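Chain identifiers are assigned alphabetically (A, B, ...) following the order of the sequence lines, protein sequences preceding nucleic acid strands; residue numbering begins at 1 within each chain. All values derive from a computational prediction rather than experimental measurement.
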Amino acid sequence: MKTCLRFISRFIYISAERNKVASFVSSVRYYNAAAAKTLSDCRWEEGKSSDTQKWSSLEHKGPYFPPEYEPLPDNICFNYDGQPVKLSPVTEEIATFYAKMLDHEYTSKEVFQNNFFCDWREEMTKEERKLIKTLSKCDFSQIHKYFVEKSEERKNMTKEEKQVLKEEASRLMEEYGYCLLDGHREKIGNFKLEPPGLFRGRGEHPKMGKLKKRIQPEDVTINCSQDSKIPAPPAGHRWKRVQHDNTVTWLASWLENIHGRPKYIMLNPSSKLKGEKDWQKYETARRLKMKVDSIRKQYRRDWTSREMKIRQRGVAIYFIDKLALRAGNEKDDESADTVGCCSLRVEHITLHRRLDAQEHVVEFDFLGKDSIRYYNKVPVEKQVFKNLKLFIKHKDPEDDLFDRITTVKLNKTLNESMPGLTAKVFRTFNASTTLQDQLNKLTTEGMTVEEKILSYNRANRAVAILCNHQRAAPKTFERSMQLLQEKIQKKKEQIEEAKKELKEAKKAHKDAPSDKSKKCKKHQVPIEKIYNKTQRDKFAWAIDMTDENFQF
DNA sequence: GGCTAGACTTGGTTCCAGAAAC
DNA sequence: GTTTCTGGAACCAAGTCTAGCC
């Protein structure tokens, strides 16, 4: 396992939090029925928001603005070409963004350096720009050291000092962290505006290192109900706009300057609005269960269609269904080169007539969402293999594999098969089905809580593999693994010892049975053992609505 | 039908508090 | 008492998908 992990240098997720799509199902199987509320006392019954109108009343305090920049003390110098230079506050603040990241791999990348330096120079005064012309002559080390020390100071704060900070944070949460939506006090997901900094794109992102500018109240649009108390902008400022649009769920929005796309302040996943959406998502996936056989029959028929676009569509849906691939919308050139199903290129697949004793194998190798590598060798049906050969014929490696279809066309077809069906529903459906099947397979009546949790983790791992959920190995991975191996060895020794003891105890029981030796416990897994508080809050709707007999 | 903007979800990374280990 | 580890929460980048425009 260790070798394998090293080879791909990433982890397969087994955490329940990540397999959100599957959590609903699993919350049921292990769910302690005694804790269930009746349907009548749950807020999910209260009346659904319609598809267009999301709320009737919405009141909030507006976003929380990050604190203004505090200039560096006079003894901390930025040096250019060996000489100390006092920077203007704006220039200095941006320098601190870079200085704080000196330990990070990002700052060694040329794209990051160039983007940073270009954006930094734009914010400089004329004089600064005239002087500071080369990044390699910039010395941020004093600033870096200063922030490392500050961080150490924070860590070494006394209990009392930490308590003061904690109280301040909870005061902020109380003031800005909640809104009033249709009379309910709901938690907001991200009430703090994103602070300025340097953009960290994932993978080989062409915009990494660019300056994420400070958001001003004048950039922010507020959304709330007309008769509510309109949030006050910070002193001396005004909002960009105040609107009262109840067809959207966001509380505030602004345009981020890196891609020029809107960003939002929205509700926490535990809120009624988000919960309803989530519930709907799983219901659509459950409807797909009823329809999936006919959809599969249809896409199989499409594989032999006379029309190329229909054949391509049939194979694409087959991949989305079988491999849980994402739809793969077209992307602009100003982001990392990642793909999904519809945007696969010829270079992302290799066809093997025969491989490892299997026939008609497709080898996938591409970067998906977040530049996470998808590598898989999959035996496919003969007709799919034939079609793929046809699709790549006379094409260059960088040509689109599915050149006749788009995600929009594909989703249109899916929607005709079943209202509400899109490519991503297959991911939810297949993840949920896999989890349910695995749980059915891996759990039996007499299992202990620990055994059931192990089965749950194994089932979750199967989902993670299907969905290609991975994360980078932590820096301390090697050391942790070593410690773990030592622990395993110790446990093995303990097990051997326990086995011996059991043997002796059995023999003793046979010779002279006692009350103690007759007991054997029955376990149910309390939901707290599977889901943390956040997850239980988020899936409150599922907990409220299901019983222990639920099957996806 | 193609393009774009906008709204929303998904999910990987980072930070930090509290637990566990030393 | 100190250090290390771990899990949860927060953060935010990167997806999906739809509506509206031309």
Side-chain angles (χ1 to χ4, degrees), chain A residues 10-11 13 15-21 51-52 54 66 104 151 154-157 159 162-163 165-166 169 173 177 187-195 197 199-203 205 207-208 212 221 223 245 247-250 253 255-256 258-270 273-274 277-278 280-281 326-332 335-336 338-343 367-372 406-412 414-415 420-428 431 464 467-472 474-477 479-480 483-484 487 531-538:
Chain A
R10 303 194 73 83
F11 285 128
Y13 262 120
S15 115
E17 164 59 16
R18 296 301 159 188
N19 289 329
K20 289 168 188 162
V21 280
D51 279 351
T52 45
K54 306 289 169 45
H104 207 288
S151 152
R154 257 182 89 89
K155 274 184 208 160
N156 296 330
M157 274 191 298
K159 234 181 180 181
K162 281 183 180 171
Q163 186 57 28
L165 287 185
K166 210 175 163 185
M173 174 64 102
K187 202 173 172 190
I188 298 170
N190 55 329
F191 66 89
K192 287 179 182 170
L193 285 176
E194 292 177 19
F199 175 72
R200 309 179 181 202
R202 296 182 188 145
H205 202 294
K207 293 197 171 185
M208 64 168 80
K212 252 178 73 166
T221 299
N223 194 40
D245 182 357
T247 66
V248 295
T249 65
W250 53 266
S253 78
L255 284 183
E256 53 97 8
I258 303 290
H259 303 92
R261 283 197 289 251
K263 285 212 168 186
Y264 305 92
I265 286 187
M266 287 193 181
L267 295 178
N268 186 273
S270 63
L273 213 56
K274 293 280 184 191
K277 245 339 210 359
D278 220 27
Q280 269 176 30
K281 178 181 79 181
R326 293 188 181 83
N329 286 315
E330 273 198 56
K331 294 178 69 184
D332 52 39
S335 56
T338 61
V339 297
C341 184
C342 292
S343 49
L367 297 181
K369 184 183 175 184
D370 296 323
S371 293
I372 287 175
T406 63
T407 52
V408 175
K409 287 179 194 164
L410 188 135
N411 279 337
K412 226 174 186 176
L414 291 175
N415 193 59
L421 182 60
T422 62
K424 88 183 178 85
V425 178
F426 276 93
R427 256 172 98 78
T428 311
C467 294
N468 200 39
H469 286 161
Q470 298 179 41
R471 66 177 173 87
K475 284 167 203 146
T476 52
F477 171 67
R479 170 96 188 105
S480 305
L483 288 174
L484 224 58
K487 271 188 188 171
Y531 297 106
N532 62 40
K533 193 181 173 301
T534 311
Q535 291 164 338
R536 293 199 302 275
D537 285 347
K538 178 179 172 182

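Between B:dT14, C:dA10, C:dC17, one nucleotide has an atom nearer to the side chain of A:N411 than all others, and that is C:dC17. Picking from C:dT18, B:dT10, C:dC17 the nucleotide with the shortest atom distance to the side chain of A:N329 gives C:dC17. Checking C:dT18, C:dA13, C:dA14 against every side-chain atom of A:E194, the shortest atom distance belongs to C:dA13. The side chain of A:K424 has C:dC17 as its nearest neighbour among C:dC17, C:dA13, B:dG11.
Between A:K162 and B:dA17 there is no side-chain polar atom (N or O) within less than 4.0 angstrom of OP1 or OP2.
Closest heavy-atom contact between A:F426 and A:L414: CE1-CD2, 3.8 Å. Closest of all the heavy-atom pairs between A:P195 and A:P66 is CA-CG, 3.8 Å. A pairwise comparison of heavy atoms in A:I258 and A:K207 identifies O-NZ, 2.8 Å as the closest pair.
With sequence neighbours left out, A:R200 forms a side-chain hydrogen bond (donor to acceptor under 3.5 Å, both in side chains) with no residue at all. In this structure A:T422 satisfies the side-chain hydrogen bond (donor to acceptor under 3.5 Å, both in side chains) test with no other residue, sequence neighbours excluded. Listed by chain and number, the residues in a side chain to side chain contact (heavy atoms under 4.5 Å, CB included) with A:M173 are A:Y178, A:K187, A:F191 (sequence neighbours excluded). Considering only residues two or more places apart in sequence or on other chains, A:N156 meets the side-chain hydrogen bond (donor to acceptor under 3.5 Å, both in side chains) condition with none of them.
Here A:R326 lies in heavy-atom contact (under 4.0 Å) with sugar-phosphate atoms only. Across all strands, A:A336 comes closer than 4.0 Å to no nucleic acid atom at all (heavy-atom distances). Residue-level contact check: A:G189 touches neither bases nor backbone, having no heavy atom under 4.0 Å from any strand. No engagement by A:P269 is indicated, since no non-hydrogen atom pair under 4.0 Å with the nucleic acid exists. Note on A:K412: nothing from the nucleic acid sits closer than 4.0 angstrom, heavy atoms only. If you check every strand for non-hydrogen atoms under 4.0 Å, A:K369 touches a base. Contact annotation for A:K155: no contact, since no heavy-atom pair falls under 4.0 Å across all strands. Within the nucleic acid shown, A:G328 comes within 4.0 Å of sugar-phosphate atoms alone, with no base atom in reach, counting heavy atoms only. Nucleic acid contact class of A:M208 (heavy atoms, under 4.0 Å, all strands): none. When heavy atoms are screened at a 4.0 angstrom cut-off, A:T338 is found touching the sugar-phosphate backbone but no base atom.
With the nearest nucleotide of DNA chain C identified for both A:F191 and A:G203, A:F191 has the one nearer the 5' end.
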Short N/O separations, protein against nucleotides 20-22 of chain C, under 3.5 angstrom:
none

What N/O pairs connect the protein and nucleotides 6-8 of chain B at under 3.5 Å? Give each pair on its own line.
| from | atom 1 | to | atom 2 | distance (Å) |
| --- | --- | --- | --- | --- |
| B:dA7 | OP2 | A:Y264 | OH | 2.6 |
| B:dA7 | O5' | A:Y264 | OH | 3.4 |
| B:dC8 | OP1 | A:K54 | NZ | 3.3 |
| B:dC8 | OP1 | A:T249 | N | 3.3 |
| B:dC8 | OP2 | A:T249 | N | 3.1 |
| B:dC8 | OP2 | A:T249 | OG1 | 3.1 |

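A:L367 has its side chain out of reach of A:I372: every pair of non-hydrogen atoms, C-beta onward, lies at least 4.5 Å apart.
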